Amino acid sequence: MTAAKDRPRPGDLIGPLARPGVGARSWAGLLLVLLTAVGALGAMATGAALRQAQDLRERMADPVTVAVWASGLESADAAAGRASESLARVEGVKDVRLLEPDQADAGLARLMGVPAGHSDDVRLLVLDTTRDPGVVAGNAARALASAAVPARVDDHRWPGSPTLTAIAASVGAVLVIVALMAVLTGVISGWITRREISARAGQVDLLRLAGAGEGYIGRLFTARTLRLSLWAACLGAAAAAALAGLWVRVSPRLPAAPSLGLSRLDLAWPAPWILLVVLIAAATASLSARMALRRVR
Amino acid sequence: MSTDPASAAFEPVDASAQLTPCVRFDGVSVVAEGGAADGWALSFALAPGSFHRLTGASAPLRSALLRQIALAQPPARGLFQLFGRDVSSVGRDERLALRRRIGSAVGPPRFIDHLSVWDNAALVPRIAGRALADYRPQVDEVLAWVGLGRLSDGLPSVLDPAQKARLALARAIAGRPEILVIDDLAEEVAGEAPAAANADVPRLLTEIHRAGITVIAAGADPAAAARSAYPVLHLQDGRATALESSLQAPGAQGPIISAPS
């Protein structure tokens with residue numbers, strides 16, 4: 001017999017998390033890894049979008065923004081010059097200001113509907129108005145069209161503004177993805193907890209006979225699901241961060257690849273996502289354990 | 001553990017507690033698988049420190065009764081008192097505290113397969129939240145006493161049926177219970193002749209009883225129970241009946257059977 005002082009720490013009451021063979025727990029773990037990876041990518045995209053939105057705020061501060069781009073032999077700067085002259089004559093325009101080119105311009109141009117291939121070389125002009133910005137924007141678009149200046153005009157008003165519509169659609173899509181990932185994470189955590197309890201009905205009975213209360217047994221299974229989800233969340237988040245990091249590094253060398261606006265700062269976004277996954281798993285596992293233990297009698 | 005557990009492993013029962021039955025059933029139904037047994041209304045009271053053989057009815061019903069005493073399942077109806085407390089009126093925490101005063105080895109010996117023999121024996125004090133350093137010597141002692149000291153690091157799956165029965169007993173008493181409810185482990189060892197499988201269990205139960213623990217041991221054979229030195233609680237036709245044991249020691253406290261409610 002092992003001497004009392006040498007006795008190792010008692011084993012886990014429910015059993016080791018990793019066991020040989022592929023079972024429901026393995027599939028649940030894999031699904032959680034995938035969900036976390038997708039959710040973490042969504043979190044990074046949201047982070048990038050929020051940062052870009054900060055950059056765009058200045059460029060959308062005036063009532064109307066105009067994007068012009070190069071066409072034929074005319075450069076973007078020349079087109080901006082001609083646009084500035086045309087816009088100054090538009091009724092209701094108080095002031096026309098040409099913005100210094102900025103990295104954020106390409107993103108804003110895409111949101112405004114500038115055709116692909118031109119968005120990386122645009123010039124932005126902002127208009128201060130004395131009349132309703134919507135009317136002025138319409139007048140400005142007609143004036144630019146008659147001057148044959150390739151341009152998009154945005155009055156930043158919901159719901160006509162293509163920029164706001166695109167931003168709302170992007171934020172909405174990301175939120176839906178994140179919410180869906182969160183719900184699915186909860187469903188899987190709850191399902192695997194319930195399944196583990198049902199599969200161990202005899203063990204649960206034994207624990208009850210040994211004096212364990214429902215809360216004690218429930219916590220054992222909740223902790224087990226938490227460990228699984230923590231592992232899965234870390235793996236999924238690491239995979240997402242690695243993928244995004246690779247994209248940040250490689251995309252500048254690929255002319256056709258969109259930059260997505262990701263930076264190295266955004267690689268930190270998966271960390272809070274891990275916390276969210278663990279919190280969701282804890283809540284749903286605890287609830288499922290309570291319900292499942294009522295059925296296992 | 002010494003061969004006399006009264007001297008080491010178990011606390012003697014307080015003499016003043018003798019006044020109140022530690023188990024009291026008054027018109028209590030038995031809930032077996034599939035619901036309450038029709039027409040059952042058991043009424044009896046067991047004195048602290050007594051030893052009773054439980055016979056009659058079917059094995060599932062006997063097990064169900066033991067499980068009810070161990071608070072593993074609630075009675076469908078009737079008054080059930082443990083240590084003087086009506087279990088239907090106690091809160092969750094007190095119910096848990098009452099349950100921890102009862103050691104149980106009900107049904108076929110079952111264990112948590114991935115845990116060692118030692119960890120299985122230590123289940124009750126561990127679940128009760130006691131510190132490892134506190135219960136470690138006690139579990140070592142109990143395992144040595146049931147003859148499993150040298151096998152404590154192995155898995156339960158390597159034990160033979162008799163050893164499994166003794167491990168179930170060790171687990172039931174490792175938490176120093178005041179009441180021990182136990183199915184006849186000899187009869188639960190499939191494929192083994194009871195005497196060969198389990199000759200030590202009756203001796204161990206006797207020693208446990210001598211230490212002041214109330215023992216309720218179920219068995220299928222009323223004749224065998226009647227030959228033992230302890231009073232018998234016989235279940236038949238929905239009632240509990242006290243049978244005199246032929247070898248019952250003079251003055252041995254039998255169950256108090258009240259008139260059916």
Side-chain angles (χ1 to χ4, degrees), chain A residues 1-21 23-26 192 195-225 227-228 286-287 289-297, chain B residues 31 33 66-67 70-74 92-93 95-120 122-129 132-133 135-141 143-144 148-153 155 168 171-172 174-175 177 181:
Chain A
M1 186 173 71
T2 307
K5 63 183 179 200
D6 298 332
R7 181 151 295 286
R9 194 167 163 267
D12 188 289
L13 282 176
I14 305 299
L17 198 58
R19 279 185 178 168
R25 197 167 51 250
S26 314
I192 195 65
R195 198 176 187 286
E196 298 240 280
I197 288 176
S198 300
R200 289 174 168 74
Q203 209 162 318
V204 168
D205 186 46
L206 209 56
L207 292 171
R208 282 181 178 139
L209 279 171
E214 301 303 282
Y216 182 94
I217 301 171
R219 280 193 296 277
L220 289 176
F221 284 96
T222 302
R224 187 174 173 80
T225 303
R227 285 210 307 276
L228 178 73
S286 172
L287 189 66
R290 214 175 305 163
M291 289 163 64
L293 284 171
R294 269 186 220 142
R295 283 197 296 269
V296 178
R297 289 283 177 194
Chain B
V31 181
E33 279 185 33
L66 294 182
R67 288 176 67 86
L71 292 180
Q73 60 189 51
R92 196 171 51 180
D93 290 345
R95 187 183 176 83
L96 209 54
L98 285 175
R99 194 193 285 180
R100 287 176 180 160
R101 294 169 72 180
I102 304 166
S104 64
V106 181
R110 284 178 302 158
F111 306 100
I112 298 180
D113 294 336
H114 64 270
L115 292 183
S116 68
V117 165
W118 196 94
D119 282 348
N120 270 285
L123 213 49
V124 174
R126 178 181 175 180
I127 286 172
L132 176 61
Y135 64 81
R136 190 162 47 192
Q138 190 181 326
V139 173
D140 284 338
E141 198 176 12
L143 278 174
L148 296 175
R150 277 185 294 181
L151 297 168
S152 62
D153 291 329
L155 291 174
R171 182 180 59 200
V181 293

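Residue numbers start from 1 in every chain, and the chains themselves are labelled A, B, ... in the order their sequence lines are given, proteins ahead of strands. This one's a predicted model, so the numbers in the text were calculated from it and none came from an experiment.
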What residue, out of Leu123(B), Ile112(B), Val139(B), has the most heavy-atom pairs lying under 4.5 Å from chain A?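 Most heavy-atom pairs within the cutoff with chain A belong to Ile112(B).
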Taking Arg126(B), Arg100(B), Arg99(B), Arg92(B) one by one, which has the highest count of heavy-atom pairs under 4.5 Å against chain A?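 The option with the most such pairs is Arg126(B).
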Out of Gly215(A), Gly202(A), Ala210(A), which one racks up the most heavy-atom pairs below 4.5 Å with chain B? Ala210(A)
Check Leu220(A), Ile217(A), Leu209(A) against Val204(A) for a side-chain contact (heavy atoms from CB on, under 4.5 Å) and give me the one that passes.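 Among the candidates, only Ile217(A) passes.
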Does any N or O in the side chain of Gln203(A) come within less than 3.5 Å of the main-chain N or O of Leu13(A), such that one atom is a donor and the other an acceptor? yes
Under the side-chain contact (heavy atoms from CB on, under 4.5 Å) test, residues paired with Ala289(A) that sit two or more places apart: Thr193(A), Ile197(A), Thr222(A)
List the residues meeting side-chain contact (heavy atoms from CB on, under 4.5 Å) with Val117(B), not counting sequence neighbours, and say none if there are none.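 Result, side-chain contact (heavy atoms from CB on, under 4.5 Å) vs Val117(B): Leu143(B), Leu159(B), Leu167(B).
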